[in-house]
Amino acid sequence: MDGLFITFEGGEGSGKTTQIQCLKEWFKNNVESCDLCLTREPGGTHGAESIRDLLLNGSAGKWQPATEAMLMSASRHEHVLSVIQPALGRGDIVICDRFTDSTHVYQGYVGGVNERLLEGLDQLSCNGLVPDLTLLLDIDSNEGLARTVERGVEENRFEIKGKAFHQRVRKGFIERAGRHPNRIVTINADQPTYDVALDIINAVKRLLLSNGVLLKVPC
Ligand code: TYD
């Protein structure tokens, strides 16, 4: 059986990393015999992580948005072919921190790269793969940025781009979710961690039940 492909999306500080860990725990405790593959973009393979370094380090204006889109897609192609599709072929549940929606928002909606060209890049890089479910963690961009500052880790090229940029990112994700209502579920990420996790679990349960995946306890 083919596995299921779940992606997480959202602006900076939306809590994706924490929520992916919560979901991993939930899978361990609640889903019969399932192997998880947790991964991220840009990155996920040795070669794609090298491209990630190029993309995330350096000055904010180091790359043109179209260059970023091509580098993101190059890294994605490696990732899809050597990690994601093989895992799905084994029947794993693949959970990926960011995927094509990030490119459509950061490089497309915000960066101005033509949507049709990005769809062409998706065709080239994704080998037909589309997520079964995308969880968009939505939070006010200033609140999200404040969380990244609190975390105290060094900011990457995208995080230093300023408030207007991040407000556009949020709007771009909301707009994209409106265009893919069957795939993208918007989660209010401005709630306590536990409540965000519950909303995510409910969306994931719906996906699992509609695909005949067995839960350990009736919920
Ligand atoms: P990362 O440190 O992984 O941050 P986050 O925890 O917010 O995911 O940085 C990844 C950055 O790359 C993030 O700022 C968004 C950006 N990005 C794009 O601009 N386009 C893309 O296609 C992807 C996958 C990420």
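As the structure lists them, so they are numbered: ligands from 1, and atoms in each ligand from 1.
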Salt-bridge test for E25 and K28: reply yes if a basic N is under 4.0 Å from a carboxylate O, no otherwise.
yes
List for me each residue that meets salt bridge (Lys or Arg N to Asp or Glu O under 4.0 Å) alongside D122, sequence neighbours excluded, and say none if there are none.
none
Side-chain ion pair, R170 and E143, N-O less than 4.0 Å:
no
Exactly one of T67, T103, I51 should register a side-chain contact (heavy atoms from CB on, under 4.5 Å) with M72. Which one does?
T103
Is K161 salt-bridged to E12, going by a charged N under 4.0 Å from an acidic O?
no
Using heavy atoms and a strict 4.0 Å limit, residues surrounding ligand 1 turn out to be E12, K16, E41, P42, R52, L56, M72, R76, R98, S102, T103, Y106, Q107, N156, F158
May I ask you to check whether T39 and H79 show a side-chain donor-acceptor distance below 3.5 Å?
yes
